[in-house]
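Take a look at the structure below.
Worth saying up front: this structure is predicted, and the values here are computed from it rather than measured. In what follows, chains are A, B, ... by sequence order, proteins preceding strands, each numbered from 1.
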Protein chains: 2
Amino acid sequence: MIRLLTGDCETELAGLADESVALVVTSPPYADARKNIYGGVHPDKYVAWFLPKAEQLRRVLRPDGTFILNVKEKVVDGERHTYVLELIKAMRAHDWRWTEQWIWHKRTSMPGKWPNRFRDAWEHCLQFNKRRDFRMNQDAVMVPIGDWAVTRMANLSDEDKRRRPSDTESGFARKVANWKNRDMVYPTNVLHLATECGNKKHSAAFPLALPEFFIKLFTQEGDTVLDPFCGSGTTGVAAVQLGRDFVGIDTMAKHIAIAREYIAKVSPPA
Amino acid sequence: MIRLLTGDCETELAGLADESVALVVTSPPYADARKNIYGGVHPDKYVAWFLPKAEQLRRVLRPDGTFILNVKEKVVDGERHTYVLELIKAMRAHDWRWTEQWIWHKRTSMPGKWPNRFRDAWEHCLQFNKRRDFRMNQDAVMVPIGDWAVTRMANLSDEDKRRRPSDTESGFARKVANWKNRDMVYPTNVLHLATECGNKKHSAAFPLALPEFFIKLFTQEGDTVLDPFCGSGTTGVAAVQLGRDFVGIDTMAKHIAIAREYIAKVSPPA
DNA sequence: GTTCCGCATGAATCGATAG
DNA sequence: ACTATCGATTCATGCGGAA
């Protein structure tokens with residue numbers, strides 16, 4: 001079942017039953033001093049803005065559920081702003097357990113260089129839980145042995161397959177396929193994913209592989225996945241493709257329309 | 001010039017002149033780690049333990065200098081401990097600017113499988129400065145396009161060539177060779193380095209490439225680099241090889257002896 | 001003299017057991 | 001009830017012995 005709601009998640013979540021959601025994966029609008037644009041929230045006010053929404057998320061989340069929060073830090077006046085640190089501290093004060101800090105290491109190199117810093121190539125994926133013993137299906141996200149194999153696979157899938165199709169027929173590609181039959185190992189807490197540029201119409205906050213990973217890891221088929229800032233619906237697509245129910249909320253009707261269209265194109269596993 | 005001092009850096013630093021150090025790169029004993037060697041610092045007391053030392057570091061650091069602090073988080077009772085967050089906050093309260101948070105993505109990390117987490121494959125490298133306009137030689141650390149390819153090539157050349165010799169004949173290896181002749185680009189704030197196990201006698205906190213990177217980026221030849229927890233002297237080796245002066249401090253005479261021996265084996269650039 | 005295979009070992013964490 | 005200790009688990013790497 002798919003539900004897409006237009007409005008502020010703080011109020012829209014009232015329609016969801018207590019403890020009905022297995023996983024929340026979301027990427028709220030990043031803190032931004034420019035208030036005109038969509039979702040702009042001043043960094044200094046970010047925590048106060050976010051906490052009441054987190055309170056609602058806490059209510060609808062199952063006791064063994066997980067909340068994955070993708071946030072990016074922001075540089076203000078040449079310094080990293082501390083709102084992410086403050087957010088973690090505040091969430092803990094509100095009884096959330098800060099279980100893990102996943103790192104999304106972004107592969108795609110966007111041009112950009114500043115006088116005193118390089119390109120920011122990573123983002124936080126903070127994992128919060130209600131209880132120490134949450135549900136986790138580790139076997140669902142195993143990867144081929146050897147990180148270097150994963151890296152090559154990732155690169156094959158974005159650039160090389162398109163530009164050098166012949167390579168995929170070469171011994172190398174065949175060997176990669178073989179490795180899949182070898183031993184699989186558990187991944188680490190660093191997600192080494194390329195940023196996605198597939199859909200030109202709407203830029204997604206994160207690549208499909210990111211919600212996919214967490215959905216496989218923290219839910220089972222039939223569970224409900226929630227994205228309270230769903231934007232163009234990347235989380236919804238991943239959820240539906242994996243046979244999970246989805247609830248998506250966004251303040252902009254335009255975004256919900258795009259998400260609806262986007263999600264309609266995919267189907268659950270056979 | 002190389003100075004190696006045995007003792008607590010908090011007191012030993014008194015022998016250094018104000019504003020005489022261009023760069024501090026260090027990896028203090030992690031909270032509760034290496035109990036048998038350093039005596040261990042409880043995570044809850046880590047900030048209080050560290051701050052007075054940071055005060056001395058601040059005194060000897062030049063106004064345009066940089067302080068790189070490599071710390072690892074620790075899991076306590078199934079939750080990430082917040083001492084790193086507290087440390088950042090405390091440093092800011094003591095007038096340090098938290099300029100950047102580099103991520104050291106460890107290619108090989110300690111194995112282990114637990115019911116509710118995977119391996120921790122990254123560490124913080126916190127960058128603190130006194131002023132907004134610190135010195136940074138960005139061109140000194142440029143890397144070939146597709147840095148990952150170079151890394152892979154290095155790996156191919158030792159282990160993989162032997163175990164998977166056919167790989168070197170594949171399209172992959174040929175492509176890597178081509179990239180080596182391409183343009184150089186600026187790196188990102190994610191350092192993708194393998195942990196070093198080269199010296200079996202003493203395990204280093206970080207691979208040589210890590211201090212090397214920061215020394216090239218933040219200092220010039222003839223500048224002084226300081227490591228107040230120098231251990232077996234990895235930072236010193238990098239500094240000397242790059243023609244910088246070095247001051248290393250450690251509480252254990254045994255470590256200083258190893259560092260002295262280790263550093264004596266290398267020489268400045270011709 | 002090479003190449004290959006086996007194995008010990010880490011900046012770890014959890015759960016159980018013992019004091 | 002709370003702390004301390006120990007065994008089980010995991011995998012990239014380098015070294016040494018064997019083929």
Lys106(B) vs Val75(B), nearer the 5' end of DNA chain C by closest nucleotide: Lys106(B)
Nucleotide nearest Pro115(B) when distance is taken to its side chain, options dC14(C), dA11(C), dT9(D): dC14(C)
side-chain contact (heavy atoms from CB on, under 4.5 Å) evaluation trace for Phe118(A) with Leu217(B): CA-CA 11 Å; Phe118(A) 291 133; Leu217(B) 184 56; 4.0 Å; yes
Watson-Crick or G-U wobble partner of dC5(C), both distances under 3.5 Å: dG16(D)
Residue Met110(B), side-chain atoms from C-beta onward, closest of dC14(C), dA11(C), dG10(C): dG10(C)
Closest-nucleotide 5' rank along DNA chain C - winner of Pro28(B) and Asn116(B): Pro28(B)
d(CZ, Phe118(B); C1', dA12(C)) in whole Å: 15 Å
Close aromatic pair by centroid cut-off 6.0 Å: Phe206(A) and Trp102(A): no
Sidechain-backbone polar pair: Asp8(B) side chain, Thr251(B) backbone, donor-acceptor under 3.5 Å: no
NZ (Lys254(B)) with more than 12 external heavy atoms under 6.0 Å: no
Trp114(B) side-chain proximity, nearest of dT13(D), dC14(C), dT10(D): dC14(C)
Presence of Arg117(B) side-chain N/O under 4.0 Å of dA12(C) phosphate oxygens OP1/OP2: no
Touch class at under 4.0 angstrom, heavy-atom based, for Ser109(B) against every strand present: nothing
Any strand: nucleotide that pairs with dA11(C) via Watson-Crick or wobble, under 3.5 Å: none
Nearest-neighbour nucleotide for the Thr108(B) side chain, dC11(D), dG15(C), dT13(D) considered: dT13(D)
